[in-house]
Protein chains: 4
Amino acid sequence: MASQASISATELDQLVLASIEAKSNSYSPYSKFRVGCALLTFQDRVIVQGCNVENASYGLTICAERCAIFKAVSQGYRKFAAVAISSDLETGFAYPCGACRQVLNEFGDMEVILVKDKTSIKSTRLANLLPHAFGPSDLEEAKRS
Amino acid sequence: MASQASISATELDQLVLASIEAKSNSYSPYSKFRVGCALLTFQDRVIVQGCNVENASYGLTICAERCAIFKAVSQGYRKFAAVAISSDLETGFAYPCGACRQVLNEFGDMEVILVKDKTSIKSTRLANLLPHAFGPSDLEEAKRS
Amino acid sequence: MASQASISATELDQLVLASIEAKSNSYSPYSKFRVGCALLTFQDRVIVQGCNVENASYGLTICAERCAIFKAVSQGYRKFAAVAISSDLETGFAYPCGACRQVLNEFGDMEVILVKDKTSIKSTRLANLLPHAFGPSDLEEAKRS
Amino acid sequence: MASQASISATELDQLVLASIEAKSNSYSPYSKFRVGCALLTFQDRVIVQGCNVENASYGLTICAERCAIFKAVSQGYRKFAAVAISSDLETGFAYPCGACRQVLNEFGDMEVILVKDKTSIKSTRLANLLPHAFGPSDLEEAKRS
Ligand SMILES: [Zn+2]
Ligand SMILES: [Zn+2]
Ligand SMILES: [Zn+2]
Ligand SMILES: [Zn+2]
């Protein structure tokens, strides 16, 4: 049972704090909107932190969530238990953008934890945020067809 | 009543055909996976067609849906009634990727029509495909805070 | 002779004006930085206009140059004589970002015209702006190797 | 004298090897084209490795160079001495795509080392690969104007 309990209470606490801390390296001179992210790998239970990195050509900006996942993949991880996301938004929770949902989804479902502050968090699953995802299996189908 | 009936039966037929036709201009030498899209503007009821345009640097590839919406915006449109999507996928429906959901969502909700072939289609709303979207209002909140 | 004279004086005038006009449809609520682009197709000598289209998730923003080329490809064009670029920058010329240079380069070399205002323009070739480009032929090599 | 000698011979050797090693974590199921990157930070002289990470929606793919720089920024680095790039290309050197040139350029000029194999390398400066770059200063001009 408890099949949804993908992370422990201690891991949750650590992830939340790590996502808040990750904001400190945000490079966001254009939006002035700092975002931090902490990703928990499935194997090894390592926390990988990411932040948003903006660009003068706005379109080459990367979000904190994608920063974290690219970093984790470059360290050899391809399966994730959870991701926590923190931002400077004070009035609500900053959900991941569609591009980040798509990139996270490439590596399967995971828990998504939205952090307003240490004591105010919300939790959902990636599959709920990207229903009917277009994923790796669709391309395999295309090649077979 | 009929509040969801954002498009007429004739418009639906035209959109479906236009999305299939749009595949013919697809530039997809790398994936060999053609996608076509037809967007119906809210004002003027104009159909704008798009296709996927790939790039040797995979990451600069654009999907058919974004191609269509960028084109429509460049023609002065910013509100849309519906979008139809066709692909070479034979075994199922190709749902839009997360990036396209995000870019469409910038301009509000709309009907999303998934086309397998002329006689096999499926319909949903963009809001169902991108729940809890991060959108323009979130950035306004950030600036106020 | 005159091998570089890829466009006529009349075409140049039309392109410059079209790139300035194209700014009027720019959707740039975040940067407040409007950019317009006009692309001249090689066949048919058609002018295709594009503008920048921004997104709340900065990274999904598209530049005017890519907007124009995606639009042109969706209309069946794959070879271009020239591209003109206009912006709200008053103190200099806005050169295309690296992503746009890469996407334009997918379809071969072309003239690049930078427009400050109707009477102040500068001209160069795409190949000068993206030396040693990574292009379609590199991927073919990779497949052969 | 030696003003261009931004890195030592030992650093060069380490960077070249690190870029080759970085390919091993490449996630490239679609292109089958592995790329590895090693970035040398200006302060601390730390080597940060990156690899390409592809996505079923081709357009959300990231290159090895951007993977490395996002990772380095998330670790607090914003100035770089050099970047080395390795790929599976056997017949030549894989130069960075325009998007990567643009993202690297956000953090200033640096040495770019192209690696075919341990004993066959080529070196240039980022500024040579992205002449007339559109960078942070252009946006500042726009805001002043
Ligand atoms: Zn995002
Ligand atoms: Zn898409
Ligand atoms: Zn650009
Ligand atoms: Zn690249």
Side-chain angles (χ1 to χ4, degrees), chain A residues 22-23 25-37 50-71 73 83 85-106 112 114 126 129-130 133-134 139 143, chain C residues 22-23 25-37 50-71 73 83 85-106 112 114 126 129-130 133-134 139 143:
Chain A
K23 288 195 295 180
N25 284 324
S26 165
Y27 174 75
S28 38
Y30 309 113
S31 72
K32 318 281 186 200
F33 186 74
R34 299 183 311 154
V35 187
C37 174
C51 59
N52 54 332
V53 182
E54 300 189 347
N55 189 273
S57 169
Y58 280 36
L60 290 168
T61 292
I62 207 77
C63 299
E65 299 93 316
R66 279 180 283 166
C67 176
I69 204 150
F70 296 145
K71 194 174 167 180
V73 171
V83 61
I85 306 157
S86 261
S87 81
D88 282 345
L89 204 63
E90 283 178 7
T91 51
F93 294 96
Y95 281 85
C97 81
C100 289
R101 296 179 194 192
Q102 178 75 31
V103 171
L104 292 169
N105 178 73
E106 183 82 17
V112 178
L114 305 151
L126 180 59
L129 297 179
L130 197 69
F134 179 89
L139 281 185
K143 272 168 190 166
Chain C
K23 289 197 294 180
N25 284 324
S26 164
Y27 173 75
S28 39
Y30 308 114
S31 71
K32 318 282 185 201
F33 186 73
R34 299 183 312 153
V35 186
C37 174
C51 60
N52 55 332
V53 181
E54 301 189 347
N55 190 273
S57 170
Y58 280 35
L60 290 168
T61 293
I62 206 80
C63 300
E65 299 93 318
R66 280 180 282 166
C67 176
I69 203 150
F70 296 145
K71 194 174 167 180
V73 171
V83 60
I85 307 158
S86 260
S87 82
D88 283 346
L89 205 63
E90 284 179 7
T91 51
F93 294 97
Y95 281 85
C97 80
C100 288
R101 296 178 193 192
Q102 178 75 30
V103 170
L104 292 170
N105 177 72
E106 183 82 18
V112 178
L114 305 151
L126 181 58
L129 297 179
L130 196 69
F134 178 89
L139 282 185
K143 272 168 190 165

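Letters A, B, ... mirror the listed sequences (proteins, then strands); counts begin at 1.
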**Prompt:** How long is the gap from CG on A:Leu60 to SG on C:Cys100, to the nearest 0.5 Å?
**Reply:** 8.5 Å
**Asked** Top residue by heavy-atom pair count (under 4.5 Å) with chain C, among A:Gly59, A:Cys97, A:Ala99, A:Ala56?
**Response** A:Gly59
**Asked** Just how far is it from atom OG of A:Ser57 to atom CZ of C:Arg66, taken to the nearest 0.5 Å?
**Response** 5.5 Å
**Item:** Residue that, paired with A:Tyr58, satisfies ring pair (Phe, Tyr, Trp, His ring centres under 6.0 Å) out of C:Tyr58, C:Tyr30, C:Tyr27
**Value:** C:Tyr58
